[in-house]
Enquirer: 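Below you'll find the structure I mean.
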Amino acid sequence: MDRFVVKRSAEEPEGDGKRPRLEEAAGGLPHPSQPSQEIRAQGLSLEYRLLFGRAEADEIFQQLEKEVEYFEGEQTKLHVFGKWHNIPRKQVTYGDPELTYTYSGVTFSPKPWIPVLNHIRDRLVLETGHTFNFVVINRYKDGEDHIGEHRDDEKELVPRSPIASVTFGACRDFVFRHCDSRGKNATRHIKPIRLQLAHGSLLMMKYPTNVYWYHSLPIRRRVLAPRINLTFRKMMVVDKKVR
DNA sequence: CATCAAACAGTAGA
DNA sequence: ATCTACTGTTTGAT
């Protein structure tokens with residue numbers, strides 16, 4: 001791994017701006033309890049660290065397995081290239097009640113917050129100084145479950161707000177690819193960036209990562225255990241359009 | 001109107 | 001013999 005810069009920064013209060021954010025002014029500076037790795041490439045800005053120790057992560061994982069209720073029925077299907085597919089994972093959204101979230105033409109309403117999710121969310125505020133009002137939970141039952149390349153570029157996201165990706169359970173490869181180096185007509189040759197996301201880890205995806213970089217969780221047949229990933233976001237309240 | 005897809009299937013190469 | 005990475009899909013939504 002020599003094509004991107006990894007910097008150690010245990011104490012750095014904020015990565016991308018000179019001025020403190022409003023949230024920090026309100027809630028105090030973040031207090032990271034673990035050293036973080038900064039991962040940078042052109043247009044990519046990530047911060048990776050462990051958020052929970054082994055014992056606490058184990059406990060949260062079990063709680064998630066017991067208490068999270070995933071979408072069923074229509075909400076587990078996706079229409080792509082003229083065909084309907086069952087998504088190769090389980091998925092659900094939780095969040096503040098007035099929010100909605102749309103992808104691939106389907107609008108989701110979040111389920112109301114539950115204690116285990118608030119526990120994780122509180123820790124994120126404490127450690128990063130950012131607040132979140134919405135979370136997408138994906139459960140990959142084993143290495144066959146996966147998600148294809150995409151960007152988190154939904155309209156409802158607060159512009160430039162970071163996305164916090166928290167992982168529990170099996171460690172899986174996670175791949176970033178630059179939009180200009182995908183497919184046959186690639187205009188540039190930017191090598192993909194591969195990360196491994198460990199049990200209890202946090203990956204902060206900061207602006208402008210999602211403008212230029214696609215990410216995916218590819219199939220890994222040797223992985224037999226489940227992984228639960230939670231992506232916490234900050235969404236805007238959008239008036240529902242009446243047509 | 002042009003773009004392009006949170007899916008899979010097929011295939012080549014490791 | 002697997003497994004992985006890359007290409008194409010071909011149609012409806014934005």
Side-chain angles (χ1 to χ4, degrees), chain A residues 1 3 44 46 68 70-95 99-111 134-157 159 161-167 170-197 203 205 208-233 235-236 238-243:
Chain A
M1 297 289 128
R3 53 202 178 283
L44 177 134
L46 308 173
V68 171
Y70 294 90
F71 286 144
E72 297 176 345
E74 285 306 301
Q75 288 177 307
T76 65
K77 296 180 193 308
L78 204 56
H79 198 218
V80 179
F81 276 90
K83 287 180 190 161
W84 285 96
H85 302 280
N86 292 317
I87 59 171
R89 61 189 172 277
K90 283 185 176 177
Q91 191 170 65
V92 69
T93 59
Y94 285 76
L99 299 170
T100 61
Y101 172 76
T102 303
Y103 82 71
S104 278
V106 184
T107 298
F108 294 83
S109 284
K111 300 190 179 196
F134 195 88
V135 62
V136 179
I137 306 177
N138 282 295
R139 182 182 188 275
Y140 306 89
K141 68 176 189 307
D142 57 29
E144 296 273 357
D145 274 2
H146 62 281
I147 191 165
E149 279 192 353
H150 67 282
R151 290 180 290 189
D152 294 318
D153 56 357
E154 294 76 28
K155 264 189 156 180
E156 298 96 322
L157 285 172
S161 63
I163 294 175
S165 170
V166 186
T167 292
C171 184
R172 290 282 294 267
D173 289 346
F174 194 67
V175 182
F176 285 88
R177 289 174 67 198
H178 194 281
C179 58
D180 291 343
S181 60
R182 302 166 71 239
K184 211 178 179 180
N185 310 322
T187 57
R188 305 166 76 184
H189 302 280
I190 301 171
K191 287 182 181 154
I193 289 176
R194 295 183 172 81
L195 304 176
Q196 292 199 317
L197 304 182
L203 180 70
M205 294 186 269
T209 303
N210 272 123
V211 178
Y212 302 108
W213 292 77
Y214 285 71
H215 57 266
S216 66
L217 189 85
I219 291 174
R220 289 293 178 264
R221 300 196 198 281
R222 282 169 292 231
V223 176
L224 305 175
R227 168 178 187 261
I228 299 174
N229 178 72
L230 306 92
T231 50
F232 287 84
R233 297 136 193 267
M235 311 277 275
M236 298 181 290
V238 182
D239 288 333
K240 289 170 193 168
K241 277 192 180 164
V242 183
R243 321 220 134 147

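Proteins come first, then strands; the chains are lettered A, B, ... in the order of their sequence lines, and each starts at number 1. Just so you know, these numbers come straight off a predicted model, no measurement behind them.
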Enquirer: Considering only NZ, NE, NH1 and NH2 on the basic side and carboxylate oxygens on the acidic side, decide whether Asp145(A) and Arg89(A) come within less than 4.0 Å.
Expert: no
Enquirer: Nearest to the side chain of Arg194(A), heavy atoms from C-beta on, is which of dC3(C), dA7(B), dA5(C)?
Expert: dA5(C)
Enquirer: Who does dT10(C) pair with, Watson-Crick or G-U, both distances under 3.5 Å?
Expert: none
Enquirer: Between P on dG10(B) and CZ on Phe81(A), what's the gap in Å once rounded to a whole number?
Expert: 16 Å
Enquirer: Which one, dA6(B), dT10(C), dC3(C), comes nearest to the side chain of His150(A)?
Expert: dA6(B)
Enquirer: Expressed in angstrom and rounded to an integer, what is the separation of Glu156(A) atom CD from dT14(C) atom P?
Expert: 11 Å
Enquirer: What's the closest nucleotide to the His79(A) side chain, out of dT9(C), dG12(C), dT4(C)?
Expert: dG12(C)
Enquirer: Determine: side-chain N/O of Arg89(A) to OP1/OP2 of dA7(B), distance under 4.0 Å, yes or no.
Expert: yes
Enquirer: With a 3.5 Å cut-off and heavy atoms only, can you find an N or O donor on one side and an acceptor on the other between the side chain of Glu154(A) and the base of dA6(B)?
Expert: yes
Enquirer: To the nearest Å, how far apart are Leu217(A) CG and dA6(B) P?
Expert: 16 Å
Enquirer: Quick check on Tyr212(A): does its OH atom have over 12 non-hydrogen neighbours (other residues, nucleotides or ligands) under 6.0 Å away?
Expert: no
Enquirer: Quick one: label His146(A) by what it contacts on the DNA or RNA (base, sugar-phosphate, nothing), any heavy atom closer than 4.0 Å.
Expert: sugar-phosphate
Enquirer: Heavy atoms from C-beta onward define the side chain here; which of dT4(C), dA6(B), dA5(B) lies closest to that of Tyr214(A)?
Expert: dA5(B)
Enquirer: Specify the separation, in whole Å, of atom CZ of Arg221(A) and atom P of dT2(C).
Expert: 11 Å
Enquirer: Indicate whether OP1 or OP2 belonging to dC4(B) is found under 4.0 Å from a side-chain N or O atom of Arg151(A).
Expert: no
Enquirer: dT9(C) C1' sits how many Å from Trp84(A) CH2, rounded?
Expert: 17 Å
Enquirer: If we ignore hydrogens and angles and just use 3.5 Å, is the side chain of Arg227(A) paired with the main-chain N or O of Lys141(A) as donor and acceptor?
Expert: no
Enquirer: Consider the side chain of Arg177(A), meaning its heavy atoms from C-beta on, and name the nucleotide among dA5(C), dA6(B), dC6(C) that approaches it most closely.
Expert: dC6(C)
Enquirer: Would you kindly give the CG-to-P distance between Asp173(A) and dC3(C), to the nearest whole Å?
Expert: 15 Å
Enquirer: Considering only side-chain heavy atoms of His85(A), which listed nucleotide, dA6(B), dC8(B), dT4(C), is closest?
Expert: dC8(B)
Enquirer: Return the value, rounded to whole Å, for the distance between atom NZ of Lys83(A) and atom C1' of dG10(B).
Expert: 12 Å
Enquirer: Classify the ring geometry between His215(A) and Phe174(A) as parallel (under 30°), tilted (30 to 60°) or perpendicular (over 60°).
Expert: tilted
Enquirer: Suppose we define a pair by two distances each less than 3.5 Å, Watson-Crick or G-U wobble; what does dA6(B) pair with here?
Expert: none
Enquirer: Write down the distance between CG (Asp142(A)) and P (dC3(C)), rounded to a whole number of angstrom.
Expert: 12 Å
Enquirer: Between Glu154(A) and Arg233(A), is there a side-chain N and carboxylate O pair less than 4.0 Å apart?
Expert: yes
